Undergrad: 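Encoded as structure tokens, here's the structure I'll be asking about.
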Amino acid sequence: MTTVAPPSNRRRKTRAGTAVLVLVLLGFVVPALFAPTAAVAVAPIPGSPLDAYDKGVSYDQGVHLIARVFALIAYVLMVATIVLGVVLRLRFMQRAVNRSTFYGAHMVLALSALIFGALHGFTFLYQPIWQIGARELTVPFVGGVQRIPVGFGILGTELAIAVGCSVWLQRRLGYHRWLRFHQLAYVAFGLIWLHIFLVHPEPRHDNLVAIGIAAGAGTCLLAFLIRAFPSRSRLRQRAFPGSPGAVR
């Protein structure tokens with residue numbers, strides 16, 4: 001039989017020192033976590049009514065509500081546009097509904113989303129606290145109030161407009177080149193989602209709007225994954241384009 005040697009004095013001292021250190025840390029950290037903290041003055045959200053009040057600038061609550069409604073409508077239409085664009089590529093859906101019907105609905109939803117998104121931006125021309133003019137509304141990342149989040153929104157909207165206008169260049173570019181450029185709509189959605197998520201804390205809290213924004217982002221992510229990872233039938237069709245029964 002083999003006997004296990006008792007731990008040396010050095011090991012015992014190391015373990016004892018570690019235990020004492022842990023107890024000391026717990027003695028200081030745990031009370032600090034549960035101790036009542038003093039109220040800390042939090043800076044108002046840039047561009048909010050409280051920020052306007054602190055700076056002595058007028059704030060139109062009606063313009064704020066209109067901008068919010070336009071933003072929500074544009075977001076819903078944008079999600080529907082992306083989902084319908086993916087449906088256009090699914091063959092089993094084309095058997096139930098005519099492709100031209102899907103294409104027309106896709107174009108109408110995309111145009112409506114761009115219109116409401118543009119109206120959302122134009123409303124801030126009438127909100128003095130945001131200090132937005134024609135230059136700040138068209139050139140990304142040049143505004144003074146929330147420059148980065150607002151820049152994401154402007155860049156995403158302009159990229160979406162470019163993607164929409166590329167339809168008229170489809171014949172000149174060729175279908176495959178145009179399709180690669182058209183897929184930048186996913187990038188545009190990501191930029192606009194960053195704008196929504198960063199510009200106001202509401203989407204980061206537990207409320208109905210946050211749930212809707214998260215659901216829309218998850219739906220678009222699922223649609224992107226469907227396009228990025230084609231089904232087995234589509235892979236067979238690419239590998240054997242002339243074989244019967246390639247698409248099941």
Side-chain angles (χ1 to χ4, degrees), residues 43-82 85 106-170 172-173 178 181-204 209-210 212-213 216-217 220:
I45 302 170
S48 64
L50 184 58
D51 186 30
Y53 176 80
D54 291 344
K55 295 179 180 179
V57 181
S58 61
Y59 189 89
D60 195 327
Q61 190 68 25
V63 172
H64 168 75
L65 294 176
I66 294 173
R68 188 172 184 270
V69 171
F70 283 162
L72 293 175
I73 295 175
Y75 185 78
V76 172
L77 292 173
M78 185 168 50
V79 172
T81 302
I82 292 177
H106 177 69
M107 294 295 292
V108 170
L109 288 173
L111 182 60
S112 301
L114 292 176
I115 291 174
F116 279 99
L119 291 175
H120 167 73
F122 285 135
T123 54
F124 288 92
L125 294 173
Y126 304 96
Q127 201 67 274
I129 184 62
W130 283 91
Q131 302 175 1
I132 290 180
R135 175 174 173 268
E136 290 79 11
L137 198 60
T138 54
V139 181
F141 308 109
V142 298
V145 180
Q146 299 205 37
R147 180 171 57 90
I148 301 300
V150 173
F152 282 141
I154 296 173
L155 186 61
T157 303
E158 292 178 348
L159 181 58
I161 293 174
V163 169
C165 292
S166 67
V167 175
W168 290 289
L169 300 175
Q170 182 177 349
R172 293 186 179 181
L173 295 175
W178 169 82
F181 182 79
H182 193 74
Q183 289 172 349
L184 290 176
Y186 297 109
V187 179
F189 175 82
L191 292 171
I192 294 174
W193 186 86
L194 283 175
H195 163 73
I196 297 171
F197 189 77
L198 297 176
V199 76
H200 198 275
E202 184 180 17
R204 303 190 295 272
V209 173
I213 292 174
C220 291

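Not measured: the values here are computed from a predicted model. All values below were derived from every heavy atom in this structure, side-chain atoms included, with hydrogens, water molecules and symmetry-related copies excluded.
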Undergrad: Do L119 and T123 have side-chain heavy atoms sitting under 4.5 Å apart?
TA: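 They are not in contact (no side-chain heavy atoms under 4.5 Å apart), so the answer is no.
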
Undergrad: Do other residues, nucleotides or ligands put more than 12 heavy atoms under 6.0 Å from F181 CZ?
TA: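 For F181, atom CZ is crowded (more than 12 foreign heavy atoms under 6.0 Å).
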
Undergrad: Kindly determine whether V150 and W130 satisfy side-chain contact (heavy atoms from CB on, under 4.5 Å), including the steps that lead there.
TA: CA-CA 10 Å; V150 173; W130 283 91; 3.9 Å; yes

Undergrad: Taking the side chain as every heavy atom from C-beta outward, state whether F189 and I82 have any pair of such atoms under 4.5 Å apart.
TA: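 In contact.
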
Undergrad: Calculate, to the nearest 0.5 Å, the distance between atoms CD1 and CZ belonging to I115 and F70 respectively.
TA: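 These two atoms lie 11.0 Å from each other.
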
Undergrad: Could you walk me through whether L50 and I45 pass side-chain contact (heavy atoms from CB on, under 4.5 Å), step by step?
TA: CA-CA 8 Å; L50 184 58; I45 302 170; over 6 Å; no

Undergrad: Which value, rounded to the nearest 0.5 Å, describes the distance between L191 atom CG and L184 atom CG?
TA: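 Rounded to the nearest 0.5 Å, the CG-CG separation comes out at 10.0 Å.
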
Undergrad: May I ask you to decide if the ring planes of H120 and H195 are parallel, tilted or perpendicular, using 30° and 60° as cut-offs?
TA: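 Aromatic pair H120/H195 classed perpendicular.
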
Undergrad: What are the two closest non-hydrogen atoms of K55 and I129, and how far apart are they?
TA: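 The answer is CD-CD1, 3.8 Å.
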
Undergrad: Measure across P128 and V57 and return the closest heavy-atom pair with its distance rounded to 0.1 Å.
TA: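 Heavy atoms of P128 and V57 come nearest at CB-CG1, 3.7 Å.
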
Undergrad: So, the side chain of E136 versus the backbone of G133: is there a donor-acceptor pair under 3.5 Å, distance only?
TA: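 Here the side-chain-to-backbone pair exists.
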
Undergrad: Minimum heavy-atom separation for P140 and G151, please, with both atom names.
TA: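 Reported closest heavy-atom pair: CB-O, 3.8 Å.
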
Undergrad: What closest approach, in Å, do A217 and W193 show between heavy atoms, and which atom pair accounts for it?
TA: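 That closest heavy-atom pairing would be CB-NE1, 3.4 Å.
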
Undergrad: Is there a side-chain contact between L125 and I132 in this structure, where contact means two heavy atoms from C-beta onward sitting under 4.5 Å apart?
TA: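 L125 reaches I132 side chain to side chain.
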
Undergrad: Can you see which heavy atom on I161 is nearest to which on L114, and at what distance?
TA: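 Nearest pair, atom of I161 first, then L114: CG1-CD2, 3.9 Å.
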
Undergrad: Do I196 and I192 come within less than 4.5 Å of each other through their side chains, counting heavy atoms only?
TA: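 Touching, per the 4.5 Å side-chain cut-off.
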
Undergrad: Test L72 against V209 for side-chain contact (heavy atoms from CB on, under 4.5 Å), laying out the working first.
TA: CA-CA 9 Å; L72 293 175; V209 173; 4.2 Å; yes

Undergrad: Is there a donor-acceptor contact under 3.5 Å from the side chain of Q127 to the main chain of V63?
TA: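 Side chain of Q127 to backbone of V63: no pair is present.
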
Undergrad: Applying ring pair (Phe, Tyr, Trp, His ring centres under 6.0 Å) as the test, list every pair that has at least one member in residues 131-152; sequence neighbours left out.
TA: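 For residues 131-152: F141-F152.
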
Undergrad: Using a 3.5 Å distance criterion without hydrogens, assess whether the side chain of W178 forms a donor-acceptor pair with backbone atoms of S166.
TA: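 Yes, the answer is positive, given that a donor and an acceptor are paired below the 3.5 Å cut-off.
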
Undergrad: Enumerate the side-chain hydrogen bond (donor to acceptor under 3.5 Å, both in side chains) contacts for residues 67-80, please, sequence neighbours excluded, ordered by first and then second residue.
TA: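 Residue pairs with at least one partner in residues 67-80: R68-E202.
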
Undergrad: Hey, what do you get for OG (S112) to CG (L77), rounding to the nearest 0.5 Å?
TA: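 Going from OG on S112 over to CG on L77, the span is 5.5 Å.
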
Undergrad: Picking from L111, L109, V76, what satisfies side chain to side chain contact (heavy atoms under 4.5 Å, CB included) with T81?
TA: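 The side chain to side chain contact (heavy atoms under 4.5 Å, CB included) with T81 is passed solely by L109 among L111, L109, V76.
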
Undergrad: At their closest point, which heavy atom of A160 faces which heavy atom of A188, and how far apart are they?
TA: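 So the minimum-distance heavy-atom pair works out to N-CB, 3.9 Å.
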
Undergrad: Enter the distance from Q146:CD to D51:CG here, rounded to the nearest 0.5 Å.
TA: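 It comes to 9.0 Å.
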
